[in-house]
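Take a look at the structure below.
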Amino acid sequence: MIRYLGRKLLIYLVTFFVAVTVDWAIPRFMPGNPIDQLLARMHAQPQSQQALTSYYTKAFGFDVPVWKQYLNFWVALFHGDLGVSIANFPTPVWELIRGAVPYTLALLVPAILLSFWAGNKVGALAARRKALDNTVLPASYVLTATPQMWLGIVLAWVFATTLAVLPVTGAYDLSLQPAWTLEFAESFLKHWVLPFSALFLVAFGGWAIGMRNMIIYELEADYSNYLAALGAPTKLVRKYAYRNALLPQITGLALALGAVVAGAIVVEIVFSYPGLGTLTLTALQNRDYFLIQGIFLFLIMGVLIANLVIDIAYVFIDPRTRVGMAGSN
Amino acid sequence: MAVSKQRLRLGPSGAPLTAEAPTPLAPAGAPTAREKGRSEFLYFAFRNWKFVLGLGLVLAFLGLAIFGPMFVAHKPLDFAGPTDAHPSHHYWFGTTSFGQDVYAQFVYGLRSAFLVGAVGGGIAWLLGAGIGFTAGYRSGWVDDVLSMLTNVVLVIPTLAILIIVAAYLHVHSYTTEAILVGLTSWPWAARAVRAQTFSLKTRDFVDIARLSGRKTSKIIVTEIAPNMSSYLLMMFILLFGGAILIGASLDFLGLGPATSVSLGLMMNNAYLSSALLLGSWWWFLPPGIGIIGIVGGFYVMNVGLDEIFNPKLREL
């Protein structure tokens, strides 16, 4: 178990190291100098150009040798310093991200957990049941092939524009202030349900397909046949199959995190939901490089931590990892 | 997209595909084993409705992408027609609020989607297969290094890394975009191929090839790859569909080429121009339907192929 978790931890540490290095290297070694691009956008006077160039060179830390820039980047990172937003000068990047993260988590965590739970349950029900299989499976294939932002657009069009029952912009009514009141909670929920549904439905399709296939496979396994031959009720056999089928699904959950995060980014944009996705879009539009880099690092850290949580959960779920017989892959 | 990743494994535990059925001795004058194998494949393929439906969908959209642009009245980005026009016999899919022909954008967008899918999926396929074969066959430190690389790229969210790369490197063509997508979406394929190779390389026929002194690369190409050809085909299909979805997200974020048309960019424009609030459904519905048609078609075709290649699944 220690070895299993240790190996995983090593992978995540290397990943983090690589991610930070990429984050540091891309602005510096990509063609096109970000400072020039910034200045081009400002349409500054020629004499102020020079002052600005030297200012930004300092701000980016470009005035020291490359190896020192790299070290400085790490030092700043460990001080929680991700730089200062250019578009919202002088707000630190970290503060902008901290403001956006709760909204992204409010969408992501329920969407991931509920879709995993519901998708697995429905997929397990559908396996080897003709009528259900023939409805759930095609629907799941359509859902899993749907781009999340498009589903978001369609949901918004149906429920906000056409039926006018739900709001479409922001995370709460702008006349309200975030507070622990019933009124705010209601407004928040109303704004939350559509972006959540877009994420939930697409992920749901994938889990349902996966579980349905796994259950069929498990029901063919020797232990299922043996159990059935002993006269065990179908319900019990299916329960055993479900537990075994769940293991690869949990491994899949770790793999799917990146895709769900990607989905959240584009869905938030559709609904102008004030999370990391919308922040990414404004950062991209303003060429706010520090902010883009900060969001990138933050997303990676989030995914790494989530991976680690799944790995630890896996140890509890699969006894084989505890005695060192097998890993999750 | 996400889930199809782990679902590729045929016989979900990763059991190798090579249930070599004993070939019955062909009577004289009968078709050779190879021909017979092919016709048997076709026999089962065209009796599998999932394969036929999926292939039909993909081919239908491919046809639209190839021949559709021949029937456009205006260039996709021309401000040619009335603004916000409903679909009519003149503008089949209506027009945007800038007066652009939505049908023209749609068919050209399909072309970009197929380009990104083919190039991006192709690159990811080559990388995934190459790294997977090498890691699985070589083992030892080569495997350790490649597996670490695979795991690292696997954990990093693809879209996050694409955002940061595309933000600095201005993407001017769909080929560039496709290359970026391909370079980041191979890891799960590499892992799957590695596992398969791992179990195949201990087989007798591989040992014999090795004893006969054949080169490693040749053993992989002539002995191992053919024994998982169906697996490799299905992998390509899933990577193709995945690349289209990722490319669409990038275009939706405005990180793709701005001077040509794609389905993601159509959604982006529709969203930015408040097509939603105006209720211009003819503008934002087609791009999504196009993507679902192609990617969903690929996925359903993949299930069909799974049943064709794996007789155990056929009766279900």
Side-chain angles (χ1 to χ4, degrees), chain A residues 11-12 14-15 18-19 22-23 26-27 30-32 34 141-142 144-147 149-151 153-154 156-157 160-162 168 203 206-207 209-210 213-214 216-217 220 248 251-252 255-262 265-266 269-270 280-281 284-285 289 292-293 296 299-300 303-304 307 329, chain B residues 1-7 9 11-13 148 151-152 154-161 163-165 167-170 188 191 195 241 245-246 248-249 252-255 263-264 267 270-271 275-279 281 284-285 287-288 291-300 303 312-313 316:
Chain A
I11 291 174
Y12 299 147
V14 172
T15 308
V18 170
V22 165
D23 200 34
I26 282 180
M30 277 281 176
Y141 273 109
V142 171
T144 198
T146 307
M149 61 270 188
W150 185 77
L151 188 58
I153 291 176
V154 172
W157 173 56
T161 313
T162 313
V168 66
W207 296 126
I209 296 167
N213 294 348
M214 287 305 302
I216 289 178
Y217 176 77
E220 276 175 7
T251 313
L255 290 179
L257 283 174
V260 190
V261 170
I265 289 177
V266 290
I269 290 172
V270 171
T280 307
L281 187 69
L284 285 173
Q285 284 169 344
Y289 290 112
I292 300 174
Q293 283 171 262
F296 171 76
L299 286 180
I300 297 219
V303 170
L304 288 179
N307 263 287
N329 38 37
Chain B
M1 166 188 99
V3 173
S4 52
K5 286 179 179 178
Q6 9 118 29
R7 221 40 61 198
R9 59 180 78 120
S13 72
M148 184 56 96
N151 282 321
V152 167
L154 190 68
V155 181
I156 297 181
T158 314
L159 193 68
I161 198 154
I163 285 176
I164 192 163
V165 173
Y168 285 97
L169 182 85
H170 295 276
W188 66 266
R191 226 158 88 155
L245 283 176
I246 300 171
S249 294
F252 181 72
L253 287 170
L255 290 172
L263 300 177
M267 287 191 249
Y271 161 74
L276 255 179
L277 302 175
L278 299 171
W281 50 266
F284 57 77
L285 284 187
I291 293 175
I292 296 176
I294 302 170
V295 179
F298 272 126
Y299 286 175
V300 173
V303 185
K312 259 189 170 173
L313 294 172
L316 297 174

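Reminder, nothing fancy here: chain letters follow the sequence lines and each chain counts from 1.
- Note that the CD1 atom of Ile164(B) and the CG atom of Leu255(B) stand 11.5 Å from one another [nearest 0.5 Å].
- Only the side chain of Val22(A) comes within contact range of chain B, with heavy atoms under 4.5 Å apart.
- Using cut-offs of 30° and 60° for the angle between ring planes, the Tyr271(B) and Phe252(B) rings count as tilted.
- Heavy-atom distances place both the backbone and the side chain of Val142(A) under 4.5 Å from chain B.
- By number of non-hydrogen pairs under 4.5 angstrom with chain B, the leading residue of Ile269(A), Asp23(A), Asn307(A), Val261(A) is Ile269(A).
- With rounding to the nearest 0.5 Å, the separation of CD1 in Ile300(A) from OH in Tyr12(A) is 13.5 Å.
- With rounding to the nearest 0.5 Å, the separation of CG in Leu245(B) from CG in Leu159(B) is 11.5 Å.
- No other option in Ser249(B), Gly297(B), Ala248(B) has as many heavy-atom pairs under 4.5 Å with chain A as Ser249(B).
- Residue Thr162(A) does not touch chain B at all, counting heavy-atom pairs closer than 4.5 Å.
- Chosen from Leu299(A), Ile153(A), Val18(A), the residue pairing most often with chain B at heavy-atom distances under 4.5 Å is Ile153(A).
- Residue Leu151(A) does not touch chain B at all, counting heavy-atom pairs closer than 4.5 Å.
- For a residue to count as touching a neighbouring chain, one of its non-hydrogen atoms must lie under 4.5 Å from one of that chain's; by this rule Ile161(B) touches chain A with backbone and side chain alike.
- Separating the OG1 atom in Thr146(A) from the OH atom in Tyr141(A) is a distance of 13.5 Å, to the nearest 0.5 Å.
- Note that CZ of Phe296(A) and CD1 of Ile156(B) are 5.5 Å apart. Values are rounded to the nearest 0.5 Å.
- Note that the CD1 atom of Ile163(B) and the CG atom of Leu253(B) stand 5.0 Å from one another [nearest 0.5 Å].
- Only the side chain of Leu281(A) comes within contact range of chain B, with heavy atoms under 4.5 Å apart.
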